[in-house]
Amino acid sequence: MPEGELVEHLVPLARRLRDALRTMPLNTQPAYEVGQALVAARCDSAGGLPVTLGVLDAYLVLYCPPRRPMPAEESRARCARLQHALAAGFAHALSERAKGEQESVSREALAARAAAERALHDSEARFQAVFDGAVIGVGVADLNGQVLLVNDAVARMFGRPGDHLLGENVVDWAHPEDAPAAMEIYHELITGQREHFRMEKPYYRGDGSVLWTNLTVTLLRDAHGKPQYQLALMEDITEQRRLRDRLRYEATHDELTGLPNRTLFFERLDAVIAGPAAAESTGFAEPHAAEADRDHPAGAGWEAAALAEAEAEAEAIPGSPGPAAADHAPVPDAYGPAADERRLWRRGTDGAAAPAPGAAYGPGDFARPPGPPDEPATDREAGGRAPGAGRGADEATRFGMCYLDLDGFRAVNDSLGHIVGDHLLIAVAERLQGCLTSPSQIVARPGGDEFFALTVGPTAQRDAIDLAERMLRALAEPVRIKDRDLLVRASIGVASGTRGKTTRAAVMRSVDIAMYRAKAAGGNRYEVADAASDARVIARHSLTNGLPAALEKGEFFIEYQPLVRLEDGTVRGAEALVRWLHPVHGVLGPDQFITLAENTGLIVPLGRWVLTEAARQARAWRDAGHDGEPLRVNVNLSPCQLRYPDLVSDTVAVLDEAGLDPAALCLEVTENDLIGADEEALRPLRQLADLGVDIALDDFGTGYSNLAYLRRLPVSTLKLDRSFTLGMQRAPADPVDVKIVEGIVSLAHTLDLAVTVEGVETGSQAEHLRMLGCDTAQGWYYARPGPPDRLHELALTDVASG
């Protein structure tokens, strides 16, 4: 305590000692109490008592003597007794205080121990309550995987009493759907290489059903950091997994038929074709009829260039208008003989028709549509494993695909309604599903009236063809819907490939092209994809895209083939034949791009350009002049141009601009485009004929001519098809051909129509035609198509020789 307070405390004690020294008889009790007071005042340091006693011995008698005189020895004796009493009181108080403090410490220790025991008990009780009542499953296992402790939530999850789970090994709880790396991660944990891991893990319940958990496992170490236990926290996510799988099912399956949809099918296809990166190639299927084009009018060089361009543009050019469409736009290529096409300006070489490419064939485990999952789907059900996954590597290196499109399905919807159409699609899906013969096959409905099928295995190409044949046979039987038998026809494209050697785009392009070939061939059949057909379609697509720029860049030019008067051999005029000087493929004839121009609408500006150039050339021939009859120019008209509302006004404008008399122009229209046309369609031709323009009926005899109707057509010339005069190329001439031509010429002349024969190749043929009364002819016997100056030179020669 501070010095001032200490003095105030000690002064009263000193007075008590003074008073005790003076009492008679001597009473030592006050000194005893002073000793106790000193201890109470904490004046009890180890050296404090001797100092206090020394002070009393030196100063008490000196400054506080007794009131009555007494001998010095008695005064000293009285002081000594007081010192002893003070010391005794001091010692006793100090002892009592130490004893009290000791007892207090003991009491506090006992109280603390009791409190600790109560806290430990309460803590254990709380932990046990939390452990047992936790919704999340908690378990402890040793490093060997033996289960040491589980709570009630784990027991409920597994559907077994908790004590039945104790002693089991977690390794025995493995499930086929465990992640492939699960055991490796678990090994890293128990060896101390990682502290924890988390994953979705399935387990088998006691009843055999699957329990899906969100599992977190943490490594527990002892005080020295050595791995000792593993703590597992398990959350039951079975319902969430079931919901997720149901949503996945709905997102990857067709609502109407229950079949896999486009999304799931493409996942399977992508998984099947995944492999080492490979260069894109259009040769998806094995070449099937690669020699089909060796007689193509453009020659083998055009095919080789098309193949090269196809390989360069394998990914740049879409292969189809999209498999989801219910109806399909025609492919730019027609897959039948060239004579079956609506040809325009197609004569520039020998006019030979290219044979149809490819080979055609006539009609000849996902064993059921998977329903919505009642239990969590496995990877196979959820689309995580492709057909053939888990099989031998060699076995899954080949795959085949079928693309089926119903023929004429829109008519069913339009005539009978969409409900009947839906029932028909369901029935078709069931039949197609029944055609599958192994778990490596799958059929899907991407939309509309289309179906995909996929097969995997070493014989996948043959299997895909067999599957297509089974599909056609399965659909051959009429479908009974609401007391009505509906006939089902389908066109199927088949393609096959090798894993890692192609892409989805290439597969879909090939199978799409093959399917359209089947449709073009009449439907109700299948076609096998081949590289040559793919190349042709891709090249034609490239040509289609290049047409507008070609017209702007002036890549088109015109060659002229003479029209010779058979009576005297003079040149009467020429037919204008357009050519395309393509920067890659070289010179292309009209049979290779006119149909494309018609499909894209470019035929109208292209036709107007041809008409303008031909009219200018006819004017140039006239200005070059000779004493004979002015040369006439023949220009072909496309059916699209016939329907163009400004045909008459454009033609008149071109003639006026060129300063050409209408009689110097002859417009050629094919027979199939005029026979059966109504008056509205014929009105533009009548107007042009009234202006003095000649109208020629091209390819006469190739259609179903109505001779009575011929009288109503505004034509002045019949162009006899080459097929009627082939028998006259040799001597003696075919008498049947002679009679046919003779009858046609007689009929034409009776109707005041001139007759022109195309395809004249020999002198014998020309002589026969002259004797039969044909008016003019054209063909290689006279001249091949060429530049306009050659025609003028030929005309001058004829005049001179005449």
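Treat the numbers as computed from the prediction; the structure is a model and nothing was measured.
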Indicate yes or no: does Arg643 engage Glu598 in a salt bridge with an N to O separation below 4.0 Å. no
Can you confirm whether Leu547 sits close enough to Trp580 that some side-chain heavy atom of one is under 4.5 Å from a side-chain heavy atom of the other? yes
Indicate yes or no for a side-chain donor-acceptor contact from Arg517 to the backbone of Val528 under 3.5 Å, with no hydrogens or angles considered. yes
Apply side chain to side chain contact (heavy atoms under 4.5 Å, CB included) to residues Val488 and Glu477 and explain how you reach the verdict. CA-CA 8 Å; Val488 182; Glu477 186 71 20; over 6 Å; no
Taking Arg241 first and then Asp245, would you say they form a salt bridge - that is, a charged N and a carboxylate O separated by under 4.0 Å? yes
Would Arg244 and Glu200 pass as an ion pair if we require N to O under 4.0 Å? yes
Glu430 and side-chain contact (heavy atoms from CB on, under 4.5 Å): which partner among Leu432, Val428, Ile426? Ile426
CZ of Arg268 to OG1 of Thr252, rounded to nearest 0.5 Å, is 8.0 Å
Asp463 side chain near Leu467 side chain, heavy-atom distance below 4.5 Å: no
Any donor-acceptor N/O pair, Ser209 side chain to Arg205 backbone, under 3.5 Å: no
Between Glu527 and Ala521, which heavy-atom pair has the shortest distance, and what is it? OE2-CB, 4.2 Å
Check Asp236, Leu243, Ile237 against Gln240 for a side-chain contact (heavy atoms from CB on, under 4.5 Å) and give me the one that passes. Ile237
In terms of heavy-atom contacts, Cys402 and Val511 come closest through C-CG2, 4.2 Å
Distance-only donor-acceptor check, side chains Arg398 and Thr498, under 3.5 Å: yes
Kindly indicate whether the side chain of Arg242, heavy atoms from C-beta on, has any atom under 4.5 Å from the side chain of Glu239. yes
Give a yes/no verdict on a cation-pi contact between Arg504 and Phe266, requiring under 6.0 Å between NZ or CZ and the six-membered ring centre and an angle within 45° of the axis. yes
Leu425 versus Asp449: any side-chain heavy-atom pair under 4.5 Å? yes
Taking every non-hydrogen atom, the tightest pair across Leu551 and Pro605: CD2-CB, 4.0 Å
Could you give the distance from CE (Met515) to OH (Tyr403), rounded to the nearest 0.5 Å? 4.0 Å
Whether the side chain of Thr455 engages the backbone of Ala464 through a donor-acceptor N/O pair (distance < 3.5 Å, no angle test) should be reported. no
How far apart are the C-alpha atoms of Tyr526 and Leu404, what are their side-chain angles, what is the distance that settles it, and do they pass the side chain to side chain contact (heavy atoms under 4.5 Å, CB included) test? CA-CA 9 Å; Tyr526 70 87; Leu404 181 147; over 6 Å; no
Between Asp721 and Ser723 the two heavy atoms that sit nearest each other are OD2-OG, 2.7 Å
Quick check for you: to the nearest 0.5 Å, what is the distance between Cys640 atom SG and Leu606 atom CG? 11.5 Å
Atom pair OG1 (Thr263) and CZ (Arg248), whose distance is rounded to the nearest 0.5 Å: 8.5 Å
Do any N or O atoms from the side chain of Thr238 and from the backbone of Trp212 form a donor-acceptor pair under 3.5 angstrom? yes
Going through the checks in order, is the side chain to side chain contact (heavy atoms under 4.5 Å, CB included) test met by Val272 and Leu454? CA-CA 10 Å; Val272 166; Leu454 184 67; 4.0 Å; yes
Could you tell me whether a side-chain N or O of Ser510 sits under 3.5 Å from a main-chain N or O of Val507, the two making a donor and an acceptor? no
Who pairs with Glu552 by side chain to side chain donor-acceptor pair (under 3.5 Å), at least two apart in sequence or on another chain? none
Does the side chain of Leu256 reach to within under 4.5 Å of the side chain of Arg445, using non-hydrogen atoms? yes
Looking at side-chain heavy atoms only, is the closest gap between Glu267 and Asp270 below 4.5 Å? no
Answer yes or no: does atom CD1 of Ile419 have more than 12 heavy-atom neighbours from other residues, nucleotides or ligands under 6.0 Å? no
Polar side chain donor-acceptor pair, Ser542 to Asn545, under 3.5 angstrom: no
Using 0.5 Å steps for rounding, measure from the CZ atom of Arg484 to the CG atom of Leu486. 7.0 Å
Any chance you could lay out the side chain to side chain contact (heavy atoms under 4.5 Å, CB included) test for Ile594 and Val578, step after step, and finish with the verdict? CA-CA 9 Å; Ile594 289 301; Val578 67; 4.3 Å; yes
Looking only at atom types and distance, does a side-chain atom of Asn261 sit under 3.5 Å from a main-chain N or O of Ala251, one as donor and one as acceptor? yes
Would you say the side-chain atoms of Arg499 pair up with the backbone N or O of Ala274, donor to acceptor, closer than 3.5 Å? yes
For the CG atom of Leu647 and the CG atom of Leu688, what is their distance to the nearest 0.5 Å? 5.5 Å
Less than 4.5 Å apart, any side-chain heavy atom of Leu667 and any of Gln641? no
When every non-hydrogen atom of Ser440 is compared with those of Ser438, the smallest separation belongs to OG-OG, 2.8 Å
Are the side chain of Asp646 and the backbone N or O of Ser649 linked by a donor-acceptor pair below 3.5 Å? no
Any idea which heavy atoms bring Leu685 and Pro714 closest together, and the distance? CB-CG, 3.7 Å
Between Asp405 and Lys519, is the closest basic N to carboxylate O distance under 4.0 Å? yes
Under the 3.5 angstrom rule, does the side chain of Gln441 hit a backbone N or O of Thr437 as a donor-acceptor pair? yes
Quick one: are Leu713 and Ile695 in side-chain contact, heavy atoms under 4.5 Å? no
Can a side-chain donor-acceptor contact be found between Ser491 and Asp407 if the only test is distance below 3.5 angstrom? yes
